**Student:** 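Quick one: this structure, given as structure tokens, is what I'll be asking you about.
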Amino acid sequence: MIDVVLNKGKEKAVLHRHPWVFSGAIALVKGKPTNGDIVRLVNAKGDFMAYGFYNDQSRVAIRLLEWNEDFKVDEDWFRVKVGEAVAGRAELLSTGATNTCRLIFSEADYLPGLIVDKYGDHLAVQVLTSGIENVMPVIIDELRKLLNPKSIFDKSDASSRQHEGLGTDNVVLFGDAPPDFVEVRENNILYNINIAEGQKSGFYCDQRDNRLIVANHAKGKKVLDCFSYTGGFTLNALQNGPASVTSVDSSALAIDTLKENIKLNKLDAGKHSSIQSDVNKQLRAFKEAGDMFDVIVLDPPKYAPSRSALVRASRAYKDLNRVAMLLLNKGGLLATFSCSGAMDMETFKQVLAWAALDAGKQVQFVGQLCQPEDHPVRSSFPEGEYLKGLLCRVF
Ligand code: SAH
């Protein structure tokens with residue numbers, strides 16, 4: 001195994017078990033590892049620090065796996081990690097109310113670059129590092145042993161793979177290609193998921209708990225679900241006896257699937273309307289028409305892909321929230337989210353405070369929302385905390 005020597009003074013993060021070593025922290029590579037190889041990280045004195053995946057094409061040159069020198073990172077090591085991750089989701093799946101979740105969440109589950117989502121009997125996998133790519137035969141074998149899925153489908157995110165110098169094909173890794181639509185259950189609501197064509201790996205299961213929390217405020221209310229996708233918040237709200245629910249999304253496929261999902265659950269389509277449009281434009285159109293709401297959900301895509309985009313993204317979040325606040329009846333509820341990892345909760349609250357000032361509104365934070373248990377945050381890897389939300393009472 002090849003030794004990689006860390007620069008003097010760069011030990012702290014490794015000792016604190018942060019799983020990333022940036023290329024700038026490396027003093028010397030004693031040999032020529034192939035990308036994806038497991039290397040031995042040592043400090044300037046030559047003492048062992050950790051084992052990790054090497055990749056000279058990535059800004060994160062080593063993704064650390066194991067800090068105990070005596071534990072060999074072999075096939076069994078990976079099988080154990082897969083088993084622990086799957087076992088960690090057993091309670092969530094045990095009631096039967098939900099059969100879709102994230103089974104493996106990359107660094108948070110000690111498998112950097114591997115994401116596995118369960119859609120009933122089908123698994124969608126994202127392979128984002130060359131190290132994980134190398135051990136995929138073992139991972140697939142273990143997933144089959146533990147879960148006996150009908151299919152395992154590769155749904156890797158193209159841009160992340162390119163950062164690691166990997167190809168970008170979507171492929172069936174095991175079994176038949178999944179059907180066009182897979183029916184899944186979440187919070188006892190049924191959804192049709194298009195694994196191959198849908199966004200992300202098909203469904204945003206990270207909002208499971210928040211959909212229920214928001215729906216608890218929907219009874220008798222006029223609800224607006226912005227960035228609705230296939231209807232996560234919409235369907236939960238429709239189940240709770242709202243006055244009406246309006247869904248807005250720019251994707252025609254998302255809106256069509258949402259309408260199918262309303263039928264699938266035999267929910268009252270008479271209380272629902274959907275608009276395929278840009279949310280920013282549509283909110284302004286509501287404003288002009290004098291349409292007001294009691295509950296508004298804002299669940300936009302990631303506005304800040306990196307820290308450097310944070311200032312611009314903050315302005316976009318502020319503007320979006322400002323306009324939404326103007327559309328709420330007095331005392332109405334805004335459930336607003338940011339899935340940008342670069343924006344922390346304190347910054348998000350500040351953005352909401354600016355939005356309130358500009359809108360001439362008073363805002364109370366009545367709840368703080370986050371990602372659910374199948375998207376764990378590892379204590380040594382705060383970067384894994386990406387989803388945050390605020391329930392705001394707006395006066
Ligand atoms: N709330 C959804 C997930 C939202 S994901 C759920 O619970 O499942 C973000 C969604 O925003 C996607 O469906 C995408 O099509 C949509 N979107 C992105 N930019 C948009 C825009 N400017 N206007 C309207 N929808 C947009």
Side-chain angles (χ1 to χ4, degrees), residues 98 100-102 117 119 124 155 157 181-182 184-187 189-195 197-215 218 223-240 245-262 264-265 267 272-286 295-305 309 312-313 315-321 323-324 327 334-341 369-372 374-375 386-391:
T98 293
T100 179
C101 72
R102 179 148 291 183
D117 289 324
Y119 294 108
K155 189 79 209 285
D157 171 62
F181 284 96
V182 175
V184 301
R185 203 166 50 249
E186 180 198 84
N187 301 337
I189 293 177
L190 301 174
Y191 293 83
N192 268 319
I193 307 285
N194 185 329
I195 298 182
E197 300 294 323
Q199 296 174 22
K200 227 173 153 191
S201 76
F203 187 55
Y204 295 89
C205 58
D206 54 1
Q207 289 285 27
R208 178 189 318 110
D209 296 349
N210 299 329
R211 290 171 180 144
L212 276 182
I213 292 170
V214 174
V223 179
L224 174 63
D225 178 10
C226 297
F227 309 95
S228 63
Y229 192 47
T230 51
F233 286 96
T234 294
L235 298 172
N236 281 270
L238 278 171
Q239 262 209 336
N240 259 18
V245 181
T246 305
S247 319
V248 183
D249 199 285
S250 54
S251 153
L253 177 63
I255 295 277
D256 286 348
T257 312
L258 187 163
K259 288 181 189 162
E260 288 303 316
N261 287 338
I262 290 178
L264 189 65
N265 290 282
L267 290 163
H272 179 254
S273 53
S274 52
I275 302 170
Q276 188 205 335
S277 172
D278 177 89
V279 164
N280 294 291
K281 276 194 200 145
Q282 189 56 43
L283 292 182
R284 284 165 175 83
F286 286 137
V295 177
I296 298 181
V297 180
L298 294 178
D299 185 20
K302 199 196 285 183
Y303 283 174
R312 211 170 64 189
R315 269 190 231 120
Y317 282 116
K318 187 192 88 173
D319 192 55
L320 176 69
N321 281 279
V323 182
L327 296 176
L334 175 65
T336 181
F337 296 91
S338 162
C339 59
S340 303
L369 309 175
C370 61
Q371 62 210 60
D374 53 330
H375 294 66
Y386 68 98
L387 180 63
K388 64 217 71 75
L390 288 165
L391 277 186

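All values reported here derive from a predicted model rather than from experimental measurement. Each ligand, and each atom within it, is numbered from 1 in the order the structure gives.
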**Student:** Phe227 versus Leu320: any side-chain heavy-atom pair under 4.5 Å?
**Tutor:**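 Touching, per the 4.5 Å side-chain cut-off.
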**Student:** Quick one, Leu264 and Asn192 - any side-chain contact, counting heavy atoms below 4.5 Å?
**Tutor:** yes
**Student:** Have a look at Leu258, Asp249, Asn210 and point out the one with the heavy atom closest to atom 16 (C) of ligand 1.
**Tutor:**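 When every heavy atom of Leu258, Asp249, Asn210 is considered, Asp249 comes closest to atom 16 (C) of ligand 1.
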**Student:** Of the options Asp117, Asp206, Asp374, which is the one that meets Arg102 in a side chain to side chain donor-acceptor pair (under 3.5 Å)?
**Tutor:** Asp117
**Student:** Is there at least one pair of N or O atoms, one from Gln207 and one from ligand 1, spaced under 3.5 Å apart?
**Tutor:** no
**Student:** If you measure from each non-hydrogen atom of Ser250 to ligand 1, which part falls under 4.0 Å: side chain, backbone, both or neither?
**Tutor:** both
**Student:** Could you tell me whether Ala254 and ligand 1 have an N or O pair separated by under 3.5 Å?
**Tutor:** no
**Student:** Is Gln282 touching ligand 1 with its side chain, its backbone, both, or neither, if touching means heavy atoms under 4.0 Å apart?
**Tutor:**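 None of Gln282 does.
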**Student:** Find out whether Leu387 and His375 are in side-chain contact, i.e. whether some heavy atom of one side chain is under 4.5 Å from a heavy atom of the other.
**Tutor:** no
**Student:** Of all the heavy atoms in Thr230, does at least one lie under 4.0 Å from an atom in ligand 1?
**Tutor:**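 No.
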**Student:** Enumerate the atoms of ligand 1 whose separation from the nearest heavy atom of Val279 is less than 4.0 angstrom.
**Tutor:** 21 (C), 23 (N), 24 (C)
**Student:** Among Asp299, Val248, Ile255, which one puts a heavy atom closest to atom 1 (N) of ligand 1?
**Tutor:** Asp299
**Student:** When the aromatic ring centroids of Phe233 and Phe337 are compared, is their separation below 6.0 Å?
**Tutor:** yes
**Student:** Answer side chain, backbone, both or neither: which part of Tyr204 comes under 4.0 Å from ligand 1, heavy atoms only.
**Tutor:**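 Looking at Tyr204 and ligand 1, just side chain atoms fall under 4.0 Å.
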**Student:** Answer yes or no for Ser277: is there a heavy-atom contact with ligand 1 below 4.0 Å?
**Tutor:**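 A heavy atom of Ser277 does come that close to ligand 1.
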**Student:** Among Lys281, Arg208, Arg211, Glu186, whose heavy atom sits nearest atom 6 (C) of ligand 1?
**Tutor:**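 Going through Lys281, Arg208, Arg211, Glu186 one by one, Arg211 has the nearest heavy atom to atom 6 (C) of ligand 1.
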**Student:** Considering residues, nucleotides and ligands other than Arg312, do more than 12 of their heavy atoms fall under 6.0 Å from its CZ?
**Tutor:**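 Incorrect, the count does not exceed 12.
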**Student:** At the 4.0 Å heavy-atom cut-off, does Ser228 count as touching ligand 1?
**Tutor:**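 Ser228 counts as a contact of ligand 1 under the 4.0 Å cut-off.
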**Student:** Side chains of Thr98 and Arg208: closer than 4.5 Å at any heavy-atom pair?
**Tutor:** yes
**Student:** Are any of the N/O atoms on Asn280, whether in the backbone or the side chain, positioned under 3.5 angstrom from an N/O atom of ligand 1?
**Tutor:** no
**Student:** Considering the heavy atoms of Ser251, write down every atom of ligand 1 situated less than 4.0 Å from one of them.
**Tutor:**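 In order of numbering, the contacting atoms are 15 (O).
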**Student:** Between Pro372 and Cys205, what is the shortest heavy-atom contact and its length?
**Tutor:**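 Closest approach of Pro372 to Cys205, heavy atoms only: CG-O, 4.0 Å.
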**Student:** When rounded to the nearest 0.5 angstrom, what distance separates OG in Ser274 from CG in Asp256?
**Tutor:** 8.5 Å
**Student:** Quick one: which of Phe337, Tyr191, Phe227 has a heavy atom closest to atom 11 (O) of ligand 1?
**Tutor:**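 Selected option, by shortest heavy-atom distance: Phe227.
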**Student:** Can you check whether Thr230's main-chain N or O pairs, donor with acceptor, with Asp249's side chain at less than 3.5 Å?
**Tutor:** no
